[in-house]
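What follows is a single structure, written as structure tokens, with notes after it.
No experiment lies behind these values; they were computed from the predicted model shown. Heads up: numbering here begins at 1 and tracks the sequence.
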Amino acid sequence: MKKSFDVDIIIPTYNSKKFILRTIKSVFNQTYKSWRLIIVDDASTDGSIHIANHYAARDKRIKVFRNAKNRGVANTRNQCITYAQGNIFCVQDAD
């Protein structure tokens, strides 16, 4: 069965409301389109999750997950990797 995407772009995020929109748009601006964006919000308190969910509702290639409590960037990045299914994955910082 062929996957509908080749590359997973993983973004761990915590309180990145000022940057997350620009980060998401930078993924959309790539010429390569066979990607899936995985965002794991590490219990942000600034509304970052709302921006991520807004774009996920508009594009099925975006998957958003949220930690119930803050786990730190390393644990959140590792969590992102567990959701990756593409042939390749790359890490992008939220800022």
Side-chain angles (χ1 to χ4, degrees):
M1 183 170 142
K2 186 176 180 340
K3 296 178 184 174
S4 60
F5 53 88
D6 294 322
V7 176
D8 282 314
I9 303 162
I10 60 174
I11 301 175
T13 184
Y14 175 71
N15 285 346
S16 61
K17 183 178 180 180
K18 292 185 343 186
F19 307 105
I20 195 69
L21 178 59
R22 186 181 304 169
T23 302
I24 293 169
K25 285 184 176 183
S26 75
V27 173
F28 278 100
N29 288 333
Q30 300 302 309
T31 56
Y32 188 77
K33 298 299 182 190
S34 184
W35 52 262
R36 181 172 73 151
L37 179 58
I38 299 168
I39 301 171
V40 177
D41 182 86
D42 195 19
S44 293
T45 59
D46 70 347
S48 300
I49 190 76
H50 301 298
I51 296 168
N53 282 333
H54 172 78
Y55 279 87
R58 294 173 175 240
D59 193 310
K60 66 182 179 179
R61 296 176 295 176
I62 302 174
K63 303 297 179 197
V64 178
F65 303 92
R66 186 163 201 249
N67 294 337
K69 65 178 188 170
N70 186 276
R71 298 180 61 208
V73 69
N75 286 324
T76 302
R77 183 174 290 117
N78 289 339
Q79 185 179 351
C80 287
I81 293 168
T82 66
Y83 296 125
Q85 298 175 359
N87 297 322
I88 300 168
F89 76 87
C90 63
V91 180
Q92 181 169 342
D93 290 332
D95 61 352

Co-members of the apolar cluster containing Y83 [side chain, <4.5 Å]: I10, I38, V40, F65, I81, F89, V91

Can you measure from CD (Q92) to SG (C80) and round to the nearest 0.5 angstrom? 11.5 Å

In the structure I gave you, are the side-chain heavy atoms of W35 and D6 within less than 4.5 Å of one another anywhere? no

CD (Q85) and NZ (K63) are apart, to the nearest 0.5 Å, by 9.0 Å

Is any side-chain heavy atom of Y55 less than 4.5 Å from a side-chain heavy atom of R61? no

Trace of the side chain to side chain donor-acceptor pair (under 3.5 Å) decision for Q79 with N67: CA-CA 10 Å; Q79 185 179 351; N67 294 337; 3.2 Å; yes

Taking R77 first and then D93, would you say they form a salt bridge - that is, a charged N and a carboxylate O separated by under 4.0 Å? yes

Flag side-chain contact, heavy atom, 4.5 Å: I9 against C90: yes

K17 vs I51 side-chain heavy atoms within contact, under 4.5 Å: yes

I88 and D8, any side-chain heavy atoms less than 4.5 Å apart: no

All heavy atoms of N15 vs all of D46, minimum pair found to be C-OD2, 2.9 Å

Here the gap from I39 atom CD1 to D42 atom CG, rounded to the nearest 0.5 Å, amounts to 13.5 Å

Got a second to check how far I24's CD1 is from I62's CD1, nearest 0.5 Å? 5.5 Å

Correct closest heavy-atom pair for S48 and S16 would be OG-N, 2.9 Å

F19 meets the ring pair (Phe, Tyr, Trp, His ring centres under 6.0 Å) criterion, sequence neighbours left out, with none

Donor-acceptor contact below 3.5 Å, side chain K60 vs main chain A57: no

Output the distance between atom CD1 (I11) and atom CD1 (I20), rounded to the nearest 0.5 Å. 5.0 Å

How would you list, by chain and number, every residue that makes a side-chain hydrogen bond (donor to acceptor under 3.5 Å, both in side chains) with R66, sequence neighbours excluded? D41

Beyond-backbone contact of T23 with D95, side-chain heavy atoms, under 4.5 angstrom: no

Applying the side-chain contact (heavy atoms from CB on, under 4.5 Å) test to Y14, which of V73, N70, T76 qualifies? N70

